[in-house]
Amino acid sequence: MLKTGEYDFKSIEARWHAFWAEKKTFEANIDFNKKKYWVLDMFPYPSGAGLHVGHVEGYTATDIIGRYKRANGFNVLHAMGWDAFGLPAEQHAISTGLHPSINTQNNIDNFRQQMQRIGLGIDWRREVNTTQPKYFRWTQWIFLQLFKHGLAYVDKKPVWWCPELGTVLANEEVIDGKSERGHYPVERRSLLQWVLRITAYGDKLLKGVENLDWPEATKRQQTAWIGRSEGGLIRFKTESGASLEVFTTRPDTFFGVSFIAIAPEHPLLAQLVSADQQTCVQDYCKQVAAKSDLERTDLAKNKTGVFTGTYAIHPLTSERIPIWVSDYILMHHGTGVVMGVPAHDERDFEFAQTYHLPVKQVIQGSEESPLPFCSEGTLVNSGEFSALSTQEARKAILKRLGDAGIGQTTVQYKLHDWLFSRQRYWGEPFPIIWVKETDYKRLEGLKTSPFQEFLPQKPIAYTTSSGTVYAVPLTSKHLPLTLPEVSSYKPNQGATTVLQNADSKWLHVKLNLVTGEILPADGQAEGDWIEGTRETNTMPQWAGSCWYYLRYLSPDFEEGIVDPKEVAYWKTPDIYVGGAEHAVLHLLYARFWHQFLFDLGLLPTSEPFIKLFHPGIILGPDGNKMSKSLGNVVNPNTVIDEYGADSLRLYEMFLGPLEASKPWSLQNVEGVYRFLKKVWREFIDIEGQISKKIGGDTDEPTFEKVLHETIAKVTEDIDNLRFNTAISQLMICVNQMQKAKKITKPSARIFLQLLAPFAPHICEELWERLGEQGSIVDAPWPQFDPSKCIHTEAKYVVQVNGKVRDEISLPMDASQEEVIEAAKRISKVISYLEKGTLVKTIYVPKRLVNFVVR
RNA sequence: GCUUGAGUGGUGAAAUUGGCAAACACGCCAGACUUAGGAUCUGGUGCCGAAAGGUUUAAGGGUUCGAGUCCCUUCUCAAGCACCA
């Protein structure tokens with residue numbers, strides 16, 4: 001039971017939640033009289049487990065920033081949304097038979113309510129939900145724009161298939177041979193899939209990284225993932241007249257080529273192999289195919305390969321070069337063919353050692369060094385190019401090969417086009433209908449047709465045993481294309497899609513090329529119709545998360561993805577806070593879409609996230625990553641119930657530096673809870689009245705000094721996202737307040753304002769009880785007054801030979817000579833000075849004197 | 001293997017960037033007020049030592065009047081990359 005005058009966080013917090021909602025405190029509107037500040041969180045996937053302590057960490061941080069910026073006169077936008085498509089909701093649907101939207105909506109309601117409970121200052125009018133038709137209508141629209149501009153296509157190629165998840169995955173979603181979600185094994189399958197041409201933006205994505213205010217590690221990761229390498233394409237002719245193209249970044253080593261190696265999957269391999277080598281090459285390829293990707297890329301294993309029986313001719317030396325097949329050559333990198341230069345490449349060296357191939361040194365370092373020698377140097381044994389530096393030779397040799405028409409400079413990316421289709425139900429359906437070739441030609445031939453709105457210059461088509469089909473894009477008028485009901489949410493066997501379980505009235509349609517109407521194929525209709533089949537893949541979860549932040553600006557806007565007036569004012573987020581695990585996923589995909597939308601002229605900026613911050617992971621109390629299986633998951637609700645939301649917020653911010661990963665320890669919650677109770681008692685007496693201590697005429701100088709130091713420290717710390725040290729300074733301030741007999745009301749107010757971004761509920765309550773009008777969030781941030789912090793005396797550390805011997809306090813205006821003289825009079829110092837001779841005196845103003853005695 | 005970070009009390013961590021190491025908390029010890037304390041307050045708390053004093057930032061070396069901070073070597077941990085031609 002609470003006694004009168006005790007800190008009753010439950011009723012306080014409930015009261016202020018209601019107040020903020022009723023007064024629309026956090027609703028943000030365009031205001032040209034104010035500078036804008038947009039804080040953005042990575043929006044959560046609304047899981048059934050509810051809000052996680054990790055969410056609380058990031059969202060509290062942005063809330064503090066938002067409240068602080070607002071107090072500093074900014075017009076602050078802080079919105080929230082739900083990344084609500086995805087597998088868990090679908091798996092729930094499979095087990096319950098209920099539509100995933102039901103479960104999704106329940107989870108969202110729960111998340112929203114939990115966020116409100118921790119007191120986040122969010123403009124809930126702007127809430128975005130990726131699964132709502134009014135949102136994904138525009139996700140589909142953006143896809144159609146990509147389609148129209150030739151950036152979306154279908155391709156049949158080896159892709160990652162995850163049997164457990166029943167879908168294909170993008171390269172970015174496969175980590176160490178396992179799925180990013182769920183860590184299930186994946187395998188290669190050759191499947192027809194939708195792909196986005198992200199490589200067309202490779203250079204822009206790479207260049208843009210340079211100017212971003214992001215953690216260096218994340219920038220490095222993105223740069224490495226895009227993986228630009230400059231080099232040359234060089235064509236070798238085989239003795240039989242076939243032509244093989246290799247990619248190399250080291251054309252300067254061209255005279256050191258002693259073999260050519262080709263990937264086992266290379267389409268030209270079969271034609272290359274000589275008659276007598278057929279069987280052993282085939283056997284080798286079979287062996288390789290049986291290996292998993294993990295086995296194949298295991299660095300520890302020895303290199304293997306088989307001679308194809310064929311030779312290529314070196315274009316400049318006319319030497320015969322044997323062609324080998326080896327699985328250390330990766331089909332998906334470069335051209336899948338490598339010129340082997342054992343003397344100057346580790347892998348080629350290893351291979352040459354195994355099969356006793358010649359090692360020809362063509363580059364010399366400044367000193368004698370063992371082979372393989374892979375750094376820069378001077379060319380030797382390279383004909384006319386000998387004595388050139390490696391840098392010069394790279395250009396010269398490529399130029400020579402270019403002149404001969406057998407080489408060219410080129411740029412190669414590690415980044416591959418983005419595999420964009422999934423075989424699951426709970427995602428955006430593709431707004432595409434497949435039609436016969438003749439019908440597509442008719443559409444192209446028409447003067448006008450609604451279906452030409454997003455028609456690409458180059459048709460997208462694929463061929464199966466039953467003929468070739470062409471992709472017809474739906475029109476803006478058809479959007480949103482909502483998900484059909486299906487007989488089962490379970491994927492079918494193999495690589496077929498869940499949407500194939502939809503009613504044939506949805507799957508098989510007829511289109512009117514003149515009116516733009518779409519009807520079920522079996523319906524009766526007058527006029528000229530063509531038949532088509534709907535695309536049954538769905539988009540990956542990343543589609544919705546690629547542009548959600550833009551929709552916050554105008555969630556109900558009907559004329560486009562974003563209201564131009566809103567985006568002209570708010571532009572891009574001023575800070576983006578979220579996990580580092582998305583470094584090459586969401587953060588890369590979103591940049592791609594944003595740059596594309598910028599190129600369409602829809603956005604004022606080319607980069608979405610100028611400033612990015614990753615909060616560290618909160619580990620379980622046992623120091624391990626929180627997980628259900630370890631049973632170390634902490635639910636923030638239990639802390640709120642027992643200590644209140646303000647304690648939870650303070651606790652998470654006080655744990656350590658925001659960017660560090662740190663273990664949870666409930667014991668420490670007590671510390672911040674005690675602090676809040678102490679604050680409460682400083683303001684409210686046991687009768688529940690404002691403490692008699694508040695309302696003095698003047699402040700004690702010691703308290704006033706600490707208070708102003710606190711203003712300076714908290715201000716600087718929030719600016720630098722150092723919330724842990726800001727809170728410790730607030731603790732120091734209260735401890736000093738406790739010692740003071742009286743404090744003035746203005747000082748009491750200042751303290752509450754400094755604490756308010758961290759613990760908003762208690763501060764609103766005390767603010768009101770002090771008799772202030774309106775919400776504390778609207779009070780302008782206190783200004784630091786340096787004159788309040790002036791020390792009358794300076795404390796000097798006195799050292800002899802760098803060791804502290806004593807300290808002295810002297811007036812601030814004491815001169816160097818006075819300080820040194822005073823230090824020399826210290827008895828301990830005298831004894832040292834008498835024992836030796838004074839060699840040197842170091843004087844640091846207002847800090848220290850050091851006597852060097854020998 | 002490579003790249004990039006990091007390593008400070010029993011614990012989470014601070015340290016105007018080269019100037020009193022351990023702020024602020026947790027925990028622990030002692031005390032006060034209490035019928036009671038899981039409330040609150042006061043004091044103590046890196047290590048060795050009775051004290052004077054000595055000593056301490058993963059280990060070792062260096063630069064400097066002075067190093068947690070800069071340089072070199074080694075070790076450990078974390079993250080990322082991993083046959084990228």
Side-chain angles (χ1 to χ4, degrees), chain A residues 3 6 175-176 215-218 220-225 227-229 231-232 246-251 253 261 263 296-301 303 326-330 332-341 344-348 350-351 374 412-415 580-581 583-584 614 616-617 650-651 654-657 659-672 674-675 677-678 681 712-713 716 722 724-735 738 795-807 839-854:
Chain A
K3 295 190 199 122
E6 276 190 321
I175 293 156
D176 294 335
E216 284 304 317
T218 308
R220 266 198 308 275
Q221 223 178 313
Q222 256 198 29
T223 306
W225 186 264
R228 183 191 148 99
S229 52
V246 304
F247 172 73
T248 177
T249 54
R250 293 296 301 272
T253 64
R296 217 181 128 171
T297 55
D298 182 6
L299 281 172
K301 91 181 165 61
K303 298 227 173 340
S326 172
D327 70 349
Y328 87 91
I329 311 305
L330 306 173
H332 54 268
H333 191 269
T335 59
V337 189
V338 161
M339 58 178 217
V341 186
H344 307 293
D345 182 281
E346 300 255 359
R347 297 146 302 174
D348 297 348
E350 210 186 305
F351 190 77
C374 306
Q412 173 78 29
Y413 293 95
K414 188 187 144 189
L415 179 73
E581 66 274 18
V584 292
H614 301 309
I617 298 166
L650 271 180
Y651 166 65
F654 190 55
L655 257 180
E659 67 276 16
S661 53
K662 51 236 157 186
W664 179 271
S665 120
L666 202 63
Q667 272 184 336
N668 294 327
V669 183
E670 289 283 351
V672 291
R674 267 177 224 167
F675 164 68
K677 283 194 287 188
K678 200 188 280 187
R681 281 197 313 272
K713 176 84 175 142
E716 198 198 321
R722 292 189 299 239
N724 54 331
T725 50
I727 292 167
S728 72
Q729 182 63 40
L730 288 162
M731 287 171 168
I732 291 169
C733 189
V734 172
N735 291 345
Q738 232 178 347
K795 204 172 79 177
Y796 286 85
V797 168
V798 180
Q799 300 181 331
V800 175
N801 293 339
K803 292 229 160 96
V804 181
R805 300 299 163 185
D806 206 348
E807 54 184 51
V839 189
K840 196 173 174 184
T841 305
I842 313 288
Y843 168 79
V844 182
K846 303 194 177 23
R847 276 183 175 277
L848 140 158
V849 178
N850 184 16
F851 296 109
V852 185
V853 178
R854 287 279 134 82

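Below, read A as the first sequence line, B as the second, and so on, with proteins coming before strands; counting in each chain starts at 1. Computation of the quantities below employed the complete heavy-atom set of this structure, encompassing side-chain atoms and omitting hydrogens, waters and symmetry-equivalent molecules.
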>> For the C1' atoms, the ones on B:A21 and on B:G68, what distance do you get once it is rounded to whole angstrom?
In response: 7 Å
>> In whole Å, measure the gap between the C1' atoms of B:A14 and B:A22 for me.
In response: 7 Å
>> Rounded to whole Å, please give me the gap between CD in A:E581 and C1' in B:C81.
In response: 18 Å
> Would A:Q799 and A:F851 satisfy side chain to side chain contact (heavy atoms under 4.5 Å, CB included), going step by step from the backbone distance to the final call?
Replying inline: CA-CA 6 Å; A:Q799 300 181 331; A:F851 296 109; over 6 Å; no
> For every nucleotide of nucleotides 27-49 of chain B, 5' to 3': is a protein heavy atom under 4.0 Å from its base (B), only from its sugar-phosphate (S), or from neither (-)?
Replying inline: S-----------SSS--------
> Which base sits across from B:U76 as a Watson-Crick or G-U pair, both distances under 3.5 Å?
Replying inline: B:A6
> Does the pair A:R722/A:E716 count as a salt bridge with the N-to-O cut at 4.0 Å?
Replying inline: yes
> Relative to A:F351, does A:K303 satisfy both conditions: NZ or CZ under 6.0 angstrom from the six-membered ring centre, and within 45 degrees of the ring's axis?
Replying inline: no
> Strictly by modelled atom types, are A:Y796 and A:D806 linked by a side-chain donor-acceptor pair under 3.5 Å?
Replying inline: no
>> I need the CZ-C1' distance between A:R805 and B:A52, as an integer number of Å.
In response: 13 Å
>> Under a 3.5 Å cut-off for both contacts, is B:C70 paired Watson-Crick or G-U wobble with anything, and if yes, with which nucleotide?
In response: B:G62
>> Main chain of A:H344, side chain of A:R250: is a donor-acceptor contact present, judged purely on distance under 3.5 Å?
In response: no
> Using the P atom in both, what is the distance from B:A50 to B:U34, to the nearest Å?
Replying inline: 38 Å
> Within this structure, what is the CE-to-C1' distance between A:M731 and B:G12, rounded to whole angstrom?
Replying inline: 12 Å
> Is the glycosidic torsion of B:U17 within 90° of 0, making it syn, or is it anti?
Replying inline: syn
> For A:F675 and B:A25, what is the distance between atoms CZ and P respectively, to the nearest whole Å?
Replying inline: 9 Å
> Are any non-hydrogen side-chain atoms of A:Y328 and A:D348 less than 4.5 angstrom apart?
Replying inline: yes
>> So which atom in A:V734 and which in A:F675 form the shortest heavy-atom distance, rounded to 0.1 Å?
In response: CG2-CE1, 3.6 Å
> Can you give one letter per nucleotide of nucleotides 13-23 of chain B, going 5' to 3': B for a protein heavy atom under 4.0 Å from the base, S for sugar-phosphate only, - for none?
Replying inline: SS-B--BB--B
> Expressed in whole Å, how much space separates the P atoms belonging to B:U4 and B:U55?
Replying inline: 37 Å
> Taking any strand in view, what nucleotide pairs with B:A50 in a Watson-Crick or G-U wobble way, both distances under 3.5 Å?
Replying inline: none
>> Taking B:G80 as the reference, what is the distance to B:G66 when you measure between their P atoms (whole Å, please)?
In response: 42 Å
>> Are A:W664 and A:Y651 an aromatic pair, judged by ring center distance below 6.0 Å?
In response: yes
>> If the condition is salt bridge (charged side-chain N to carboxylate O under 4.0 Å, His left out), which residues does A:K677 pass it with, not counting sequence neighbours?
In response: none
>> Using heavy-atom distances to pick each residue's nearest nucleotide on RNA chain B, tell me which of A:R220 and A:K840 is more 5'.
In response: A:R220
>> Please give the distance between the P atoms of B:U8 and B:A59 as a whole number of Å.
In response: 10 Å
> On a whole-Å scale, what distance lies between the P atoms belonging to B:G5 and B:A52?
Replying inline: 44 Å
> A:K803 has an atom NZ; how far is it from atom P of B:U64, in whole Å?
Replying inline: 17 Å
> If we call it a pair only when both distances are under 3.5 Å in a Watson-Crick or G-U wobble match, what pairs with B:A85?
Replying inline: none
>> What is the distance, to the nearest angstrom, from the NE2 atom on A:H333 to the P atom on B:A82?
In response: 11 Å
> Does B:G9 sit syn or anti, given that only angles within 90° of 0 count as syn?
Replying inline: syn
> So what does A:I329 hit on the nucleic acid, given a heavy-atom distance under 4.0 Å: a base, only sugar-phosphate, or nothing?
Replying inline: base
> Is A:T249 touching bases, backbone alone, or none of the nucleic acid, heavy atoms closer than 4.0 Å?
Replying inline: sugar-phosphate
> With both distances under 3.5 Å as the test, what is the Watson-Crick or G-U wobble partner of B:C41?
Replying inline: B:G31
> According to the Watson-Crick and G-U wobble definitions, with both distances under 3.5 Å, which nucleotide is paired to B:A15?
Replying inline: none
>> Between B:U16 and B:C29, how far apart are the two P atoms, rounded to whole Å?
In response: 34 Å
> Between B:A82 atom C1' and A:L330 atom CG, what is the distance in whole Å?
Replying inline: 11 Å
> A:N850 and A:N801: which non-hydrogen atoms are nearest, and at how many Å?
Replying inline: OD1-N, 3.4 Å
>> Do A:N735 and A:K678 pair up side chain to side chain, a donor and an acceptor below 3.5 Å, judged on atom types alone?
In response: yes
>> Can you measure A:N801 atom CG to B:C65 atom C1' for me and round it to whole angstrom units?
In response: 8 Å
